[in-house]
Amino acid sequence: MAVEPLTDQEIQRRLEQLPGWSFADDRLSRTYVFKGHPQAAGLVAEIATIQEELDHHSDLNLGYNKVGVTVNTHSVGGKVTALDFELAGRIEEIAPRHGARAD
Ligand SMILES: C[C@H](O)[C@H](O)[C@H]1CNC2=NC(N)=NC(=O)C2=N1
């Protein structure tokens with residue numbers, strides 16, 4: 001699939017469907033907060049599986065009870081593409097099962 005950077009307008013339009021995610025410095029990002037470390041680590045493990053399935057990988061920052069997700073597309077020079085939104089959407093689907101709440 002040919003992948004190309006999205007326009008700022010398209011990014012803003014797609015972000016409306018992803019509450020909690022933000023766009024800055026050519027990246028999409030979100031932080032999730034959990035009851036404790038096992039829940040946070042559980043989300044990271046499931047994200048890793050999804051990322052392998054999609055062959056698209058975010059930078060994940062695992063803290064005590066927080067997970068930070070940051071993603072853009074390296075192959076287009078570090079811009080946001082539809083692949084980033086696809087990954088973000090998949091993460092949004094699974095995060096509630098791990099007890100995630102907004103930062
Ligand atoms: C060879 C492999 O398909 C590429 O390196 C993939 C892997 N995961 C990736 N992840 C992200 N975020 N951007 C990429 O361009 C990318 N490329």
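By convention here, the first residue in the shown sequence is residue 1. In each ligand, atom 1 is the first atom listed, and ligand 1 is the first ligand listed.
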Exercise. Does anything in residues 51-68 pair up under salt bridge (charged side-chain N to carboxylate O under 4.0 Å, His left out), and if so which pairs, sequence neighbours excluded?
Worked result: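 Sorted result for residues 51-68: Glu53-Arg90, Lys66-Asp103.
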For this session: Please check if a non-hydrogen protein atom sits closer than 4.0 Å to atom 5 (O) of ligand 1.
Result: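 No; the ligand atom in question lacks any protein heavy-atom contact below 4.0 Å.
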For this session: Verify the contact flag for atom 1 (C) of ligand 1, where contact means a protein heavy atom under 4.0 Å away.
Result: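 It does not; no protein heavy atom is within 4.0 Å.
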Exercise. Are Leu43 and Arg97 close enough that some pair of their side-chain heavy atoms sits under 4.5 Å apart?
Worked result: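 Not in contact.
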Exercise. With side chains defined as the heavy atoms from C-beta onward, is the minimum distance between Val33 and Val67 less than 4.5 Å?
Worked result: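 Heavy-atom side-chain distance check fails, nothing below 4.5 Å.
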For this session: Check Gln17, Gln9, Glu10 against Arg13 for a side-chain hydrogen bond (donor to acceptor under 3.5 Å, both in side chains) and give me the one that passes.
Result: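 Testing Arg13 for a side-chain hydrogen bond (donor to acceptor under 3.5 Å, both in side chains) against Gln17, Gln9, Glu10 leaves exactly one candidate, Glu10.
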For this session: Between Asn72, Val71, Leu83, Thr73, flag the one that comes closest to atom 12 (N) of ligand 1 by a heavy atom.
Result: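 That would be Asn72.
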Problem set entry | Backbone N/O of Ala40 and side chain of His98: donor-acceptor pair under 3.5 Å |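 No, His98 side chain to Ala40 backbone: no donor-acceptor pair under 3.5 Å.
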Exercise. Distance-only, no hydrogens or angles: does the Gln39 side chain make a donor-acceptor pair with backbone N or O of Ala100 under 3.5 Å?
Worked result: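 Judged by distance alone, no pair lies under 3.5 Å.
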Problem set entry | Val76 contact mode with ligand 1 (heavy-atom cut-off under 4.0 Å) |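 Answer for Val76: neither.
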Exercise. Quick one: which ligand 1 atoms are inside 4.0 Å of a heavy atom on His57?
Worked result: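 Counting atoms of ligand 1 from 1, those under 4.0 Å from His57 are 7 (C), 8 (N), 9 (C), 10 (N), 11 (C), 12 (N).
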Exercise. Going by the order shown, which atoms of ligand 1 are within less than 4.0 Å of some heavy atom of Ser75?
Worked result: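 Atoms satisfying the 4.0 Å criterion: 15 (O).
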For this session: List the closest protein heavy-atom neighbour of atom 13 (N) of ligand 1: residue, atom name, distance to the nearest 0.1 Å.
Result: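 Here the nearest protein heavy atom works out to His74 N, 3.1 Å.
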Exercise. Which heavy atom of the protein is the closest neighbour of atom 3 (O) of ligand 1, given with residue, atom name and distance?
Worked result: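 The closest one turns out to be Asp55 OD2, 2.4 Å.
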Exercise. Have Thr81 and Glu4 got a donor and an acceptor in their side chains that come within less than 3.5 Å?
Worked result: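 No, no side-chain donor-acceptor pair sits under 3.5 Å.
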Exercise. Any nitrogen or oxygen of Ser58, main chain or side chain, under 3.5 Å from a nitrogen or oxygen of ligand 1?
Worked result: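 No, Ser58 has no N/O under 3.5 Å of an N/O on ligand 1.
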